[in-house]
Each structure stands twice: as C-alpha cells, then as structure tokens.
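Remarks on the structure that follows.
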Amino acid sequence: MLDSFYLSPIDGWYVIVLSILIGLEVIKNVPSVLHTPLMSGANAISGIILIGGAIQLLSTPLTEVSTLIVASLAVLIGTINVSGGFFVTNRMLSMFIKKKK
Amino acid sequence: MVGIINLVYLLSAIGFIGGIKLMAAPSSARNGNLLSAVAMILAIAATAILMVVQHHQLNNVYLLVALLLVGTIIGKGLSQSYEMTRMPELISLFNALGGLCALIIGINESFISDMAIEQSTIKIVLLLGVFLGGASFSGSIIAFYKLAGKMKTSFRSKALTFGCWFLVISLSIWHFFQPNVALSFQTLSLIIGAISLVYGVLFALPVGGADMPVLISVLNAVTGIATAISGMLFESTIMLLGGILVGSTGVLLTIQMCKAMNRSLKKVLLGQTAVVTKKGNTGEALQEIQTISTAETASILAFSKNVAIIPGFGMAVSQAQKECFELQKRLQGLGAQVKYIIHPVAGRMPGHMNVLLAEANIDYSDIVEMDEVNHNMGQFDAAIIIGANDVVNPAAETDSESVVYGMPIIKAYQAKQVIVMKRGMSAGYSGASNPLFERANCKLLFGDAKYSLHQIIEEVKMI
C-alpha cells in the first residue's frame, strides 16, 4: 500500500463526491455520435487499476515468488486493457477526423 | 519527493478530465484520447518512481517495464484485429480484462497485507472490489460470446442468483463474527472471487439481442466501480477518480439506452423480452404490403430532392455502409440532399452506428439525431430504411396494445415516400408487428441490403 499518500476519510469523500459531479458534467457533453469511442476510452481509463498491481509488484521482494507472479499477471492484463483501449479508441476517432479534409 | 509525485498524480487527474472534455466534439476527440493516454502514462510512471523510492526493489522495475511493453504490444495487436462491426465484442473483451485485473489484485492483496481482525472496513472494501471485478469479468466474457453470435442461450435462474447472494453474505458474516476460527480472510476472498464469476455469468446470460447496448453499458459501469473501490483500498486518488469517471460514463449511457428503448433497466437485466403475446407474430401474415423493385426505387430516389437514410443493425450485418456512402454521393451528384437519421439504440452498443458510418467515410455532419428532425420529417421526399424495424414502428405512438408502445421512434412514416429494405417479413427484435408496412406511402424492397443497394446504385448511374 502507499504508506505516504494517506487520505483522511473526509478528504476521500471530497474526492469521491467531486469526481462524480465533474465526471457527470463532462460526460454529459459528449455527443451521441461519439458514445462508442467514449465508452472504449473510459474502458481504457478503468485500466488504471493496474497501478494496484504495480504497487504490489514493486513492494514485494523477489523471494516471494507466488505474490510476484500474481501481481505480474495483473499488471500484464491491466496493460492490455489500457493500451488496447487507447489504441482502438484512437483507431475509431481517426475515422471521424479524416473526413473533414 | 512525495510532494512532486502527488503533483504528477494531480496532473494525471487533470489529463483524464480534460481528455473526456475534448471528446465533446468529433474534431478534438482524438487529441482528448491522446491526453488521457498521456495522463495514464504519467500515473503509472509516478507510481513506479514512488514505489522504488520507498521499497528499493530495483529488479522488480525491470520486470514491470517488461510487462508494460509486452502488454502494450498485445493490446495494440488486439486493437487492430477487429472490424468496426465487431467493435462491441472487442470493447467487451477489454472490459473483461479490466474486471479480471480487479479480481486478481484484490485477492493478491488479501494475501499480501496481514489484516488485523478489527480492520473490517478495509476488508469489506477489498471483498467488494473482488466481487465486482469478478462479476464484470465473467459477465463481459458472456457478452463477448453473445455479440460474436457464438452463444444464444438466455438462461435465467432466480434460485442460483439468490444462492450466490446467500453464500456471499453468510460467509462474510461468518468470517466477521468468528474471525480466524474457521474461515481465514484469504480463503474468504478466494471463495467470493469464485462466486462472483458464477454471478457474472448469471447476470449476463438472460440478456440478448437488441438489449446488448444496455448490458455493455452496465458492465462498463461495474468495472469502473470496481476500479474506484480498489482506489479506496490502495488509498490512491487517481485510481478513485479514474474509476469514478468510468462508472459515471457507464451509468449515464445505461440510463440513456434504457430511455431510448422505453424499457426499465430491471426488465432488460431480467431478460424479460417484450414478447408476451403471440399477437405480433400472427398479425404479420395478414399484412397487406406493397413491394418495389430496385429499378423503381432508383427512379424514386433519383427524382427526390431530400432523402433520408435510416440505418439499423441489419445494415451492419450485411456490411452495406460503403454502398450507403456511394448511393449518397450519387444522389448528391443529382442535386439531392441526403441525411442519415440514427436512433440511439441502433447497433450493438451506444453510438455503434455512427462508428460504422464514419468507417465508410460518411461525414458526421451528414448524420442527424432522431430528435433533430422528428418534428419535420415531412420535408423528406423519400426515406430509405435499411435493416431497421422497431425504431420506425408507428405502433409505438398509436397502438397502446403494442409491445413497443411508448418507445421513441424516428417518424419515418411522415416522409412522402418510405422504402423499407428488409430480408423478409420477419418481425423486429421486439416481435411487434409493424403497421408502417401497410401504409399507402410505404413500399418494401426485399433482399440483402448490400446487394439491393448495389443494384440501386447501378440503376441510378443509368439515369
């Protein structure tokens, strides 16, 4: 766990509530033309969960093999989600751009 | 050092929000996606540096970098290996991976941190993350197979669903009230992980057909929530924020999809298809319809000044996007105005039809939303409906007995001439009979959409 980055419970609630408010506000403005790229882009962002795997991977000594293997698996899967998500979103969005020529 | 790292996390948060904000317009959306990707790289790099400073496990960093590289290569390969019609499958697959990642990380964490008996809040957070991650994983895999057409079962079992809940709750109570006597936390997290996989399957199995956009949106939201919960577990603001953004996207799209279909989320998820009576099917044979040939269609279109094209999933199935574009160009060459009208649930996921049209080089400014033109459909000399049925069914407005009653539709029947391209007389997904086909201004053109469009284009060329 991140020892040095501690949120007091009330800070945490601020983050949660404000994120929801900002999130809804920003997402509401995305036109339905772009809903599929929005979803795949969001999908890529949800891959940020791989940070959890990275924290586990980097805080475990090399001797604890089983933990390392599981954490590595998580990082690998998370990375596929992140990169695949961003690449495929980019692929879709470039189709929306080239037509303007 | 930690201060700088926290600043980088803040930049990353701004990047994610700014990235989605740039998605508000098609022209800036690509930069928005790049911005989100940069924010992601920042967040991962900041985490890696922070962990190295704190734990000095330098060798593990090489491992991490190798994994990131391999994952990126696999992800890039996957992202290019699917056609645009199969985009919903690919996105479900990626969503499944996100869920699986949450499941694995949660279970691993239960083994890593020796949690004291009294740390019940953090334990509940961990178990919640494991459960949602696992359910999202197996649910998305089912969605993936259903979208690929490899699975058609719509099995539903109240008893099994109830059983899952019962097991999860009773085992958790047992653990929290009899700590470490019989059931260790590690075992509990493993068992809950296993149950979550079963639950995800039970969750996704009843949903099918035109309800898939809702299922995909819901699963997307679940992965987001699982990510946010893991953010609480790791006390990481950026994970929390990222998860919440994704969760909000999923929830908003779910609500929009349900509204556009006039179905409650509960009905969709329980797999209650609208077909309750046989009325829809038996009514079909009695309809008096007028058919039309491709040559006649071509001459009608060639002399129309204002044409609407209404594509449904049938168009995607026959891969007729490029033919649509060619017809559009031909008609525009003859001086006509051509607009595409898209219903919010057309396709297999939110916005899917727009992507398919964009792939065929159709400019998004030629695409209009249902609400923009519905009040003025009479302006169209001709409306061609390609592989759509329920979304243009006037029974939704007039027949309170019909299963589609109340669903917002494209008022195609108000156009001066309506041409419906269909493969046969089968009913739409809802099973409702469509009185549009009986109207005096409606003619049916039977056959594969791609083939028919091709014929029409050939005929138009000769005019």
Exercise. So do the side chains of A:Ser59 and B:Gln57 get within less than 4.5 Å of each other, counting heavy atoms only?
Worked result: no
Problem set entry | Sole residue of B:Leu50, B:Ile105, B:Thr47 in side-chain contact (heavy atoms from CB on, under 4.5 Å) with A:Ile55 | B:Thr47
Seminar exercise, completed: Assert top hit (heavy-atom pairs under 4.5 Å, partner chain B, pool A:His35, A:Glu64, A:Gln56) equals A:Gln56
Exercise. Given that the side chain runs from C-beta out, which part of A:Leu68 has a heavy atom under 4.5 Å from chain B: side chain, backbone, both or neither?
Worked result: side chain
Exercise. Which bit of A:Ile20 is near chain B, if near means a heavy-atom gap under 4.5 Å: side chain, backbone, both or neither?
Worked result: both
Exercise. For A:Ala44, is it the side chain, the backbone, both or neither that has a heavy atom under 4.5 Å from a heavy atom of chain B?
Worked result: backbone
For this session: Check whether any side-chain heavy atom of A:Val17 sits under 4.5 Å from a side-chain heavy atom of A:Leu21, and report yes or no.
Result: yes
Exercise. Out of B:Asn220, B:Ile74, B:Leu78, B:Leu241, which one racks up the most heavy-atom pairs below 4.5 Å with chain A?
Worked result: B:Asn220
Problem set entry | chain A contact via B:Ala96 - which portion, at a heavy-atom distance below 4.5 Å | neither
For this session: Flag the one option from A:Leu58, A:Ile27, A:Leu38 with the top tally of heavy-atom pairs under 4.5 Å to chain B.
Result: A:Leu58
Problem set entry | Under 4.5 Å from any heavy atom of chain B - which part of A:Ile22 | side chain
For this session: Heavy atoms only, distances under 4.5 angstrom: which of B:Gln256, B:Gln80, B:Met84, B:Lys21 has the most pairs with chain A? Name it, please.
Result: B:Met84
Exercise. Is the shortest heavy-atom distance from the side chain of A:Ser83 to the side chain of B:Lys76 under 4.5 Å?
Worked result: no
Exercise. So, does B:Asn361 use its side chain to make a donor-acceptor pair with the main chain of B:Phe325 at under 3.5 Å?
Worked result: no
Seminar exercise, completed: Honestly, the part of B:Leu68 sitting under 4.5 Å from a heavy atom of chain A is both
Exercise. Can you say whether A:Val82 sits under 4.5 Å from chain B via the side chain, the backbone, both, or neither, judging by heavy atoms?
Worked result: side chain
For this session: Identify the heavy atoms of A:Ile80 and B:Phe94 that sit nearest to each other, and give their distance.
Result: O-CE2, 3.8 Å
Exercise. Quick one: do the A:Ser46 and B:Thr227 side chains pair a donor with an acceptor below 3.5 Å?
Worked result: no
Problem set entry | Top contributor to chain B interface from A:Pro31, A:Gly47, A:Ser66 [non-hydrogen pairs under 4.5 Å] | A:Pro31
Problem set entry | Worked check of side-chain contact (heavy atoms from CB on, under 4.5 Å) between B:Ser110 and B:Leu126 | CA-CA 8 Å; B:Ser110 76; B:Leu126 190 150; 4.1 Å; yes
Problem set entry | A:Pro37 to A:Thr89 - nearest heavy-atom pair and separation | O-CG2, 3.5 Å
Seminar exercise, completed: Highest number of heavy-atom pairs under 4.5 Å with chain A among B:His352, B:Met232, B:Met349, B:His56 belongs to B:Met349
Exercise. Quick one: what part of B:Leu22 sits under 4.5 Å from any heavy atom of chain A, side chain, backbone, both or neither?
Worked result: neither
For this session: Check whether B:Asn108 gets within reach of chain A through its side chain, its backbone, both or neither, counting any heavy atom under 4.5 Å.
Result: both
Exercise. By a 4.5 Å heavy-atom criterion (distance strictly below it), what part of B:Ile112 contacts chain A: side chain, backbone, both, or neither?
Worked result: side chain
Exercise. Between A:Ile45, A:Val30, A:Ile16, A:Asn29, which residue shows the highest count of heavy-atom pairs closer than 4.5 Å to chain B?
Worked result: A:Ile45
For this session: Go through the atoms of B:Ile367 and report whether side chain, backbone, both or neither lie under 4.5 Å from a heavy atom of chain A.
Result: neither
Problem set entry | Validation row: B:Leu103, B:Leu100 side chains within 4.5 angstrom (heavy atoms) | yes
Seminar exercise, completed: Greatest number of non-hydrogen atom pairs under 4.5 angstrom with chain A, of B:Ser28, B:Gly106, B:Gly98, B:Gly231, falls to B:Gly98
Problem set entry | Contacting moiety of B:Met353, where chain A heavy atoms sit under 4.5 Å | neither
Problem set entry | Side chain / backbone / both / neither for B:Met40 at chain A, heavy atoms under 4.5 Å | side chain
Exercise. With only heavy atoms counted, which part of B:Leu245 is less than 4.5 Å from chain A, the side chain, the backbone, both or neither?
Worked result: both
Problem set entry | Interchain contact, B:Ser217 with chain A, by part (heavy-atom threshold 4.5 Å) | both
Exercise. Which region of B:Leu253, side chain (C-beta onward) or backbone (N, CA, C, O), has a non-hydrogen atom less than 4.5 Å from a non-hydrogen atom of chain A, or is it both or neither?
Worked result: side chain
For this session: Measure the shortest side-chain to side-chain distance between B:Ile216 and B:Pro88 over non-hydrogen atoms and say whether it is less than 4.5 angstrom.
Result: yes
Exercise. Can you list every salt bridge (charged side-chain N to carboxylate O under 4.0 Å, His left out) pair that touches residues 27-39 of chain A, not counting sequence neighbours?
Worked result: A:Glu25-A:Lys28
Exercise. Which heavy atom in A:Leu93 sits nearest to a heavy atom in B:Met23, and how many Å separate them?
Worked result: CD1-CE, 4.0 Å
Exercise. Can you check whether B:Val355 reaches A:Phe96 side chain to side chain, under 4.5 Å on heavy atoms?
Worked result: yes
Exercise. Which residue out of B:Cys101, B:Pro213, B:Gly129 racks up the most heavy-atom pairs below 4.5 Å with chain A?
Worked result: B:Cys101
Seminar exercise, completed: side chain to side chain donor-acceptor pair (under 3.5 Å) filter on B:Thr249, not counting sequence neighbours, yields none
For this session: With a 4.5 Å cut-off on heavy-atom pairs, point out which of B:Ser79, B:Ser12, B:Gly351 contacts chain A the most.
Result: B:Ser79
Problem set entry | Among B:Asn60, B:Val65, B:Leu64, B:Asn59, the one residue meeting side-chain contact (heavy atoms from CB on, under 4.5 Å) with B:Tyr62 | B:Asn59
Problem set entry | Test log, rule side-chain contact (heavy atoms from CB on, under 4.5 Å), inputs B:Glu369 and A:Val33 | CA-CA 9 Å; B:Glu369 294 295 312; A:Val33 177; 4.3 Å; yes
For this session: Name the region of B:Thr72, side chain, backbone, both or neither, that has any atom closer than 4.5 Å to a heavy atom of chain A.
Result: both
Seminar exercise, completed: Most contact-rich option vs chain B, by heavy-atom pairs under 4.5 angstrom, among A:Ser72, A:Gly78, A:Gly23, A:Ala71, is A:Ser72
Problem set entry | Residue B:Met87 versus chain A: region with a heavy atom under 4.5 Å | side chain
